[in-house]
Structure formats: C-alpha cells, structure tokens
Amino acid sequence: MAIGDYAFLIPLLPALAFVLTFFLGKKLPNGGAIIPIVAIATSFVISLLITLGLLQNPEQVINQSVSWFAMLNLGILVDPLAAVMLTMVSFVSLLIHIYSTGYMSHDRAQYRYFAETSLFTASMLSLIISDNILQLFISWELVGLCSYLLIGFWYQKPAAASAAKKAFLTTRIGDVMFLAGIVVLFADLFRLYNGAIPDGIFILKFDEIFSQIPQLAAMSTPVLGFQVNHLTLITLLFFGGAVGKSGQFPLHVWLPDAMEGPTTVSALIHAATMVTAGVYLVARTFPMFIAAPDSLMVVAYLGAFTAIFAATMGIVMNDLKRVLAYSTISQLGYMMLGLGVGAAIGAEAVGISIFHLINHAFFKALLFLCAGSVIHAVGTHDMRQLGGVAKVMPITAATMIIAALALAGIGIPGTSIGFSGFISKDAIIEAAYLFGENGGGWFPYVLSIAAALLTSIYIFRLIFMTFFGKPRTAYGGHESPASMTIPLSILALFALAFGALTTERFNKFVSETFVNNFVHMDIPGLAELGGYHLAAHAGHEPLIILWLPVIVGVAGLLIAYLVYGMRIVNMDKLVSRNNPVYKLLYNRYYQNAILTNFLSIKVVYEGLAFAGRAVDRGFDWIVDWIGNISLDAGDALRQFQTGVVQNYAMIVITGVSLLVILIAVVREVL
Amino acid sequence: MLNKQFTIMQIITSVYRFFRPRIVGMVIALLFLAIVLVSVIGTSWPAIDQLPQNLDDQSNIKGIGLLIFTEFVVPFELLSIVLLSAMVGAIYIAKGEAGR
Amino acid sequence: MDLMLFAPEITMVVTGLAVLLIGLFLPVESKKVLGYLASLGILIALYFTVASLGTNALAFYDTLSVDALSQFFKIVFLVVTLLFSIAAIKYTEGSKNTEEFYVLAIFATIGMMFVASANDLMVLFVAFELASISTYTLSGFEKNNPQSLEASIKYFLIGSLSAALMLFGITFLYGVTGTTSIPGIAAGAAALAASPIGILAVVLLIAGFGFKIALVPFHMWAPDTYQGSPSLVSSLLAAGSKKMGIVAAFKVFIVALIALKVEWQIAFAVLAVITMTVGNAAALSQTSVKRMLAYSSLAQAGYITMAFVVLTPMALGGGILYALSHGFMKAGAFIVTAAVVYMVLSENKDAQNPDHIDNFRGLGRRMPVTALSMTIFVFALAGIPLTAGYMSKFVLFSSTIQAGFAWLAVIAILNSALSLYYYAKIVKYMYFLPTEGTKVSEPLPYTLALVVAVAGVLAIGFWPEPFIYWAMEAAKVLLAGGM
Amino acid sequence: MIPVELYIGLAAVIFAIGLFGFMTQRNGVRMLMCVELMLNSANINLVAFSSYHGNLTGQVFTLYVIALAAAEAAIGFAILMSIFRMKDMIDLDKINVLRW
C-alpha cells in the first residue's frame, strides 16, 4: 500500500487526539500532552513521506473523494502545494506542542489547552487537504472557532474574552464574504449545467471549478452601470475571506489583540495555522484569480499596502508580542503581494509566495517562541522594562537574533547564500519590480522596498532593546528548560538554512501544482482571459534592483543599532505625546476609531460587534454613539411590543389593511 | 441618558393617551371595513337563479346530516377531540387550587 | 380504504386517550409512567409514519391526502413532540396534573398532523383550531404563575382573532368557488384571480397562518407567549405549531391559490424581509433567553418564508428541510432553557425571571452536557457549517440566488451574520463568564431529549442527503398539484 | 331575491364591529364576546354563500364553527377566571408584565 493511501490520517489523527485529550487529558500527566504530540508527529511523518514521494514524481498527486450528498463530495487532495503546507503546518505545530509542555506546565487547564490546539491543528490540516471548496470552508470555520476558544483561553481575563470575541467577529466578516463567494460560484456552476448535473460530477471540487473557468469568466452582470465579471466578483469575495483570516488591511484589527492568549497560541496562529489559511486560499484558487480581470491587481496593491502599513506600526509598539504581531501582518502583506504579482509572472507567484509563507512560518514561530521564552522567564512583555536579557538567556538570544536576521532578509543577492527570509522576500520584491515593469504600476514595488527598511528597523529595535544594553528594571530570569530550548534550536536551524537549501527545487515544485494528473491548467492562457501580460523570465533586473532589498535591510539594522543600541539620539524627545507623528503611529493611525466608525455604517454587523465591546469596556465614544444607534433601532422596534394585547390586535389589523393596499398597488404598477 | 428607553416610552404613552385608543381603533376598523366592502363590491358573485330548489322539502337537516357523516366526517371526528381537549383544558385551568 | 395510512394519527389518539384514562387512576408518585407511555406511543406513531414514507393516497372522500409532504411534516411534528414528551418526564415530576399536560400536547400534535394531511379547508381549519386550543391551555399550564397566565391569555386572544380572520378569508374562497376542497379551489381560482376579493382572501389567510408562523406584524403574541409559557411548551410552539402554519400555508397558497401567485409572492417578499430584520434586530438586546430565542425564531421564520417568494423546487425543498432542522434546533434550545430554569428554581424557589441570561453564566462548568448542546443549537441556528442550520441555509440561500433573487439572499445573509452576535452572546455567557454556582447534576430526561436533538442537528449537518431527498420529494408534491 | 352582496356587507359590518370592540375594550369578557361576533359574521357569510351556491358545505362548516367557538369560549373563560382569581380584575390592558 502506498503512503498516499494514509493521507486521510493527516487531519484525522489530531482530531482523534482532540477527543482523547479532552476526555482523558485531565487524568494524564502534563495534561495528556503526549497524545497530540504523537498524533501530530505521525501526521508530520506521513506528510513528509508524501512530499518526498511527490518530489520524485510530481505528476502523481493524491486525490480520493467520496460522494457526500447530491453533487457535493468530501475528499482529500495532496498536490505539491498542499504537501508542502501539510508538512510545514504539522512540523511547526509539533514543535510548538513540544515547547508548550514546558510553557504551559503551570496552567491548571492544560488538558483543555492541548485538546484545543490539536483540534486547531486538525482543522488547519483538513483545510489544506480539502479537494473541494465547501469542505475547505467548513474547516475554515472550524479554524475560526478554535482560534476563538484559544485566544480566549484565559477567559477569566476580560481582555482575553474581548479579544477572542473581536477576532471571531472580525474574521466573521471575511467569512461572510467567502460564503457569499461560494454561494455565487455554486449558483453559477449550477446554471452552467442548466441544473442537470451528471452523476459523478462534484461541482464544488477544485478540478471541476477550474475546468469551468473560461465559462465563468464569460459571465457578467450589470451592477450600477458597470459590467461586473462573475469571476472577478467570486475571486474578490474569496479574497475578502482571505483578508479577514490573513489579517490584511482593513480587517487586521483582530490580530494584535489576539495576543491575549498564551504566547504559544500566538505562535500557532501567526506561524502555522490560522493566518496562512487566507494566503493558502488565494494560492489554491490561483487559476481563478489569474483568469479574473483586476482581481490580482487588488491582491497586489492591498498586500503591498498592508506590508508597509503594519511595518510603520511595528516601529512604535513597546510590547514585545505586539511588535511581532504587526510584523506578521506586514509579512502576510508580502505573501499577498507575492500572489498578486502573479499578474506578471504567472504560476511562479504561487511558488514564491508559499516559499515565503513557509520560511516565515519557521522564523516567526521562532520569534514568538523566543519571546515566549523571555516572557516566561522574565514575566513582562514591555520592552521598555527589559534590556540585557542576552546575558541571562544566551540560547534564546542567539536563536532570536537568527530569526531577526531572517526576517530582515540579510544575504548576498545573486547567490543562494542568505537567511531563509532573504531568499523568499527578495524573490517577491524582484517580482514586484517585474510587475511594475510590465504595466502593473510601481506602487507595490516602492512600498515593498520601504517596508523592507522598516521591517529591519523594528525587528532590530526589538533585539537591541530586549537583549542588549543594561537591564532597565530588576528582573529575575533564567534560561528556559530543554523542552523549550530544543524546539528553538531546531527552528533556528531552519530559519538559518531552509531557504538556501531548497530554493532551487521549491519554486519549481510548488508551481507544478497546476499541472499534473489532477488538473492541467494553462496558466498563460488563463492570464490572457484575465487581461494580464506575463513577463519573460526573471533575472534580467538591473544590479541595483537585486541589491536594494539587502541594502535597506542592512541600513535598517544600522539605524536600529545607532538609535537603540548606541543611543546616539535621545529617543525620549521623539517618543512623546507632543510629537504628532509618534502620536499618530502610536495610536495606530487612530484606526480603531476610524475603522469602527466607517465599518459600522457600512456593515451594521461590525458596528454591533464593536458596540458590544464598547459596552464591555466603555471604550470609545464614537463607537459608543454608533452602537447606541444600532441598539436604539432594536429598542425602538421593541417599543411596539407594549405588552397590551389590544395594541397587538391593532397592529395585526393595520398590517392586514396595509398589506391589502400594498398588494393592490403593486399589482397595478406591475 | 438616564434612560432613553424611558423617554421614548413616555412619548409613546402620551401620544397614545392623547388619541384615545377608541379613535385609533375606530379608524383602523373603518379602514378594514372599507377595504372589505370595496373588495366585495368589485367582485361578481356567482349565484343560482332561485331558491330553494326543492319546494316540497324545505328542511335541509337531512342533507346536512348526510354530509356530516359522509364527506365531512373527518372534521366532525376532529371536533370531538377539540371538545375533549377544550374540556380537559378548561377544567384544569379553572379548577382552583386548595387554599387559594 | 387502507386504515393503515392513518395508523400514526390513530396511534396518537389512542395514546392520548390512554394517558388521560390511566392518569385518572394513578397516584401522584407513579404518574411518571404516563411520560413513558406517551413517549412510547409517539415513537410508535413515528415508526408508522416512517414506514409509510413514499405512499400516496387520498382518503375520506378526498378530504385527507397522504403524500410525501404530509409525511415529512408529520415526522417533524412527531419528532418535536417526542423531544417534548421525553423532557416533560422531568418537568411534570411530582405534579398531580401530568395526564393533562401530556394529553393536551398529544391532541395538539394530532391537530398538526391533520393539518399536514388536510386536503380540504374545513379539515384544515378544524385541525388548526385543535392545535391552537390545546396549546392555549398548555401555555397557561403554570396557572399560579402570572407570567404563564399572561402568556396564555395573549396567545388565546390573538389566536382567536387570527382564527376569525382566517375563517373570514376561507368564507370568501368558498363564496367564489363554491367548495372548500383544496383541488376544487385550485380549479376555480381563475375567478378569484380576476376579482379584488382574491387579494383580500389571500391577505386574510396570510394573517391567519402568519399568526402561527409568527410573521411580522402578526407576531406580536409570540415573544410574550414564548417567554411566559413553560419552556417546554415554548419548544412545542416554536418548533411544532409554527411548522403547522408553514405547511398550511404551503398547501393553501402553492396548491390551491397558485393562480394568485403574484399577489402572495409580493406579500411574502415584504413579510420575509421585515420579519427576519425585525426578529434579529429585536433579539440583539434581549436579556431573557427565551425571549431572545422567540425573536430568533421570528428571524428563522423569515428565512423559511423566502421559499414562497422563490418558488423553485429547490427553494421549496430548502424551506421544508429548514422546517425540520429548525424543529430540532429550536426545540433543543428551549429544552436547554427548561433545564436551566429547573436548575435555577431548584436552588431558589422564588427566583424572578429564571431564564435571564445571567443564569447562563458559567453553565459550561455547571451543566456541561446542557451547555455543549446549547452551543451546538445556537451555532446551528446561526448557520455554522456541519450543522443542520448550515445545510438548510445553504440550500435555501443558493436556490434563492440561482432563481435571480440575489437581493433577497443578500438581505438574508446579512441578517444571519447579524444574528451571530446574540447567539455568540449566549456562548460567551456559558463559557467565558465566571460563576459562583457549583456543578449540578443534569436531569436525565432533559439530557436524553437534548442528546436526541443534538443527534438530529448533527445528522442533518453531516449526512444531509436523505433529508434533502425527502424534502425535495415533498416539494414535488406541492408543485405537481399547483403548476 | 336579496343580492348576496348585502349579506356579505352585513357580515363585514359585524366583523368590523367585532374588531373595533376587540381593539378598544379592556374587559376580557367583552373581548371574548367580540371574538364571537367576528366568528359569527363569518358564519353569516358561510350560510349566505351556501344558499347562493345551492350546496350545503357552508352550512356544515357553520355548524362546526359554532362548536369551535364554544370550545374557544370555554378555554377563554377558564383562563380569565384564573386571572381573576389571581389579580381580582380582568382588565387586560393592565396585564402587561411581558413586553419589549
């Protein structure tokens, strides 16, 4: 029996572990951590073997489907894209689980933690392995639900409960868009078949959807005088879902607050499971995106904007975890940009974006786990109170510096020597250059370079403020136990070398996702449908383009060193409430105020979500005001319910009379 | 801000008191009546020419009885359950508890 | 004529009478037996119904019809009554009046079942009244509780008013067509469509059925009654008798009055939009869980009503499937409140508003099974995947878009997103807010009923194929008769 | 022969009177009487149509409606009695604990 026949076990084992841990964990030592660890380790081994097999023969993707009902199915699909994602998710999740045995050892509800994280992992794995959009959506919702549970893990803390709710509700906006996209897609496909779907055809399966792309692209509906292409509509709705899940502007607001959960959960969310789901969705449906006019442009521009937007905020945060959170948003922006530039480079875009996703998973998990290690030992996450931690925790400091170098993207252009972040981020920036050169506009390229500079500044600011200099407050602290440092070291190894070692194979491998025994997509042909011009092969850029990312990376390091390491500038003057720029940044562009204001008008739902929060925290008067309007509307409706039965009768009779008149009038008009 | 709900409530009650429910009720009932009458007048009703058809036997008791036990026996049987149900219910609800 | 066609109804009548008679001779302590007896009877009736799935016949001078539609809804009613009856074993524990409680519920179910198979407006009206009259008493069953009595009198008065309106409408149908049989009216409906009285009759009938379905603006009694009645009765009202209104409306409008399609489609489009919006908006700020569920049940009725507007086989199938799913979800949710009310009252006999949302604080620790079931029910109501609610919504909404009513689907999707706010509130109270209360033991009958309901919700969510198949069969009956 | 419109008009007027009373009366018993009025106006319709169509269906229906009205009245009075026992009044506009 081939290893591929066991692929279904990949999501199933962690799901099983969830059940076992939930019911037995209380009685086992360490909250039954061993169950999910073994399960996820097995999943990892299977994924790895499948990936290796696919590397030998990328044509033979694994696809097994069972009919679920009518024209829908359940099934698994392991193609190169899914395989690398599965391997990465199970691997990072495994390391985080091992690390958690140390990190969570003092928590009474350990068993609940391990149960929920293994369900989280299971949902994510099942999301990746889905061979149809509906199953993907179901897993998508499960991921959202688990994140709600985990962010609110310490539900006794009001901040945690509120952050959990915020995460759930904000991503829910995206989910509604995603669902709307699926419903539109379903209705369109149904129409293409004239409602008579032959047996054995599952219309929401990816190969089926992809094979209908030309027909879908030909459909359009006039909306407000514009001809809206259905494929564009569907892909943009999908992208809306991805915006919510992957924390792109403007739905990123939940990500920084999601820090309220345990740090390991943040690592899981930011590196392996939740936020990458959005990127994965876009990558998975990439043939639809590239055939849809304008969709990839939106993806590229929004991605680039998010990258710089989040980076500017990363510079002014003082909370260790918040800096990392904004860094994640920024890097996700890069990944989206990487997909968006597919408009210029075709299927390779999926390769470079997923490559960055994987590298990012390694170094971001490392960053979070290091931060967790520091917090665990020192007990604070305010960087202003830290300093000189490197002396106390040498291993943590060393691994964290490696991660920082990887994030900043340090390496030598033109060769494959460099930290893993360098290899992948550089590729994206170069692709953005090609994108500009081929008529996509220079905006994404300029922003991505600027964001690279800021990235380097904020991450080294973090390093210098935390690990070097003199301790600013008295704290105890000790190096963390081996169960925590070993995963750190492993991750550091990957952050150091994974990119350099695999860069040759990886892009080619993942780009083959769309050409194999499952689907045979003619990506250039589809790009013509979408009206994109694919560039000739990369590699002809001027030297300065190749070197610029590294130059700004090093420049950022130097600036951070001068300002925070040497302290040649007195930051206290700059960092004050009187400096309008700082104030603007520190208040995160007042985005909470503006966003809530804007959205609650546009999306009543979000307004209400914030209104609920406003009531909880007494937070923001604008929100309060708008929330009150919504609730007042509800209250006003309730006023009709006077409790007097005679009034009820009046309303009934008035309703009857008005309805008669209405029907008579409408019938006359029609 | 003590309670917005309260002020809205007060306005509603005062308006309500001002109009007196009778007038409102009258208006609504008249509106309904007007709608019914307009609909009725606008409709051409089918009718037979003369009645009764059978001058010998003006009573229709037999016919009704026949109908009850043939065509409309189901509602008749259901009615027996309705009455039983009403009896059980009415006795239960109206029965005073001891000591009250 | 084959009496076996009516084996479910006959079983129910026999069960009702047996419960009533045996109850008279039992001492209070052993009245528990009645609950088992009633549940057994309902199970047998359910078995007969399921066993006769697929039969197709007219009976009793064509006043009754047995077909996929009636069978499907009979299953809905029997399932809801079964849940009710299992849970009531605990509720009536130690009561002198167990037999009245059961017999009224069983009679109400008989009424609903006859509405489902009625092929004549006279049968339909009398059966409708049977269900109403039995539930009037049930909702006032706690006769020493002023809230229960208030609920009962409001329900009764608005119910009588609606019955009068509906009867008035039926007289006009009879007046124009000269018959009360549903196919007969369909045959003579051309005359109705030509005259203004048709509109009036349609609206009067909508008012009559809308009262049971709780469509705005005929819904006014519903929140009050659902809140004031014993929770189990609310479950019967929301999950059972509401569906009776829906099946009656299906029969009367789609089969008998298809000639006036345009008129009632306009009416239902307006009512669906108003109903779901009002329901969700008013539910946002409720503090009584029962009242919140009542408003949510308005919203769900609004979704189901979309089927009348769209009127494709798939949409009708979706609406019918939704009726079944809603039966499980809503009945389950009300049984949860019943369990919570029981818990609160057993701690403090004079507690005011025992269904207040504060009493749900920390329920996740106090009553884990109940809280977990509630979570599943509210997620199902909100339409989270892998639950019955999601499947039904998916079928209904996508058929709506497909039929070109995108605006309606958009309103519905926005509404269902809005609804998550108050559903999540319940979950938040159960799992994220602290409580001083300690763990209490969960009464077995409630738990059993909840498990059955959860099984139903998940079964439709995970394996919807057979359910969709039968719902589509039922929808075909409607369209075959009408179009 | 009297045109059928007049019967229906009479029924409509009686129905509207019933509605008016139902919407404005406070006393529960009076409201119940108004409900009876409405049901009976429908009965007038039924009987009139029955005659004009020359079939007895409407008259059978009338009989059933009378029985239903009786059952309904029984329940109504029982509930009102219960309320009276508890509150010593049956002014239904004062029974509004359940609202909003």
Side-chain angles (χ1 to χ4, degrees), chain B residues 3-6 8-9 12 24-25 28-29 31-49 51 53 63-100, chain C residues 13 16-17 20 59-64 97 99-101 103-104 106-108 110-111 114 117-120 122-127 129-138 140-141 143-144 149 152 168 172 175-178 180-181 188 191-192 194-201 203-204 285:
Chain B
N3 213 335
K4 276 187 304 299
Q5 195 175 312
F6 209 71
I8 294 171
M9 185 58 214
I12 286 180
V24 179
I28 295 174
L31 178 66
F32 183 80
L33 180 63
I35 286 172
V36 176
L37 288 182
V38 168
S39 314
V40 168
I41 292 167
T43 307
S44 57
W45 297 95
I48 53 163
D49 301 333
L51 66 24
Q53 295 144 298
I64 292 176
L66 265 177
L67 271 184
I68 287 180
F69 285 105
T70 56
E71 216 181 319
F72 297 119
V73 66
V74 176
F76 184 74
E77 296 293 337
L78 276 177
L79 213 50
S80 67
I81 308 182
V82 172
L83 291 175
L84 178 59
S85 166
M87 197 169 75
V88 171
I91 292 175
Y92 168 74
I93 291 254
K95 188 171 58 180
E97 298 284 305
R100 280 189 70 94
Chain C
V13 174
L17 295 177
L20 188 59
F60 291 110
Y61 304 90
D62 294 356
T63 53
L64 289 180
N97 302 306
E99 67 271 19
E100 275 106 338
F101 196 65
V103 86
L104 288 170
I106 289 173
F107 284 168
I110 295 170
F114 271 100
S117 45
N119 199 30
D120 188 292
M122 208 184 291
V123 178
L124 190 132
F125 183 72
V126 175
E129 282 298 283
L130 171 56
S132 300
I133 286 178
S134 311
T135 43
Y136 295 152
T137 322
L138 276 180
F141 205 80
K143 58 182 172 180
N144 296 323
L149 279 182
S152 174
F168 208 52
F172 289 130
V176 175
T177 60
T180 54
S181 109
L192 267 174
S195 54
I197 203 79
I199 300 179
L200 181 65
V203 173
L204 286 174
S285 50

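Residue numbers begin at 1 in each chain, while the letters A, B, ... track the order of the sequences.
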Handout entry: Per-residue contact mode, C:S134 against chain B (heavy atom under 4.5 angstrom)
Key = both
Handout entry: Choice from C:T177, C:L138, C:T137, C:L17 maximising heavy atom contacts with chain B below 4.5 Å
Key = C:T137
Problem - C:F168 versus chain B, the contacting section by heavy-atom distance below 4.5 Å - result: side chain
Fill in the blank from the handout: Under 4.5 Å to a heavy atom of chain B? For C:L204 that would be side chain
Problem - Per-residue contact mode, C:D62 against chain B (heavy atom under 4.5 angstrom) - result: neither
Handout entry: Region of C:L64 in contact with chain B, defined by heavy-atom distances below 4.5 Å
Key = side chain
Completion exercise
Answer key: most heavy-atom pairs under 4.5 Å with chain C among B:I41, B:V73, B:L84 is B:L84
Handout entry: Note, C:I106 side chain near C:I110 side chain (heavy atom, < 4.5 Å)
Key = yes
Problem - Which portion of C:V103 sits near chain B, non-hydrogen atoms under 4.5 angstrom - result: side chain
Problem - Which of B:S44, B:P75, B:G42 touches chain C most, by non-hydrogen pairs under 4.5 Å - result: B:P75
Problem - Winner by heavy-atom pair count (cut-off under 4.5 Å) against chain C, out of B:V88, B:L78, B:L79 - result: B:L78
Handout entry: Interchain contact, C:S181 with chain B, by part (heavy-atom threshold 4.5 Å)
Key = neither
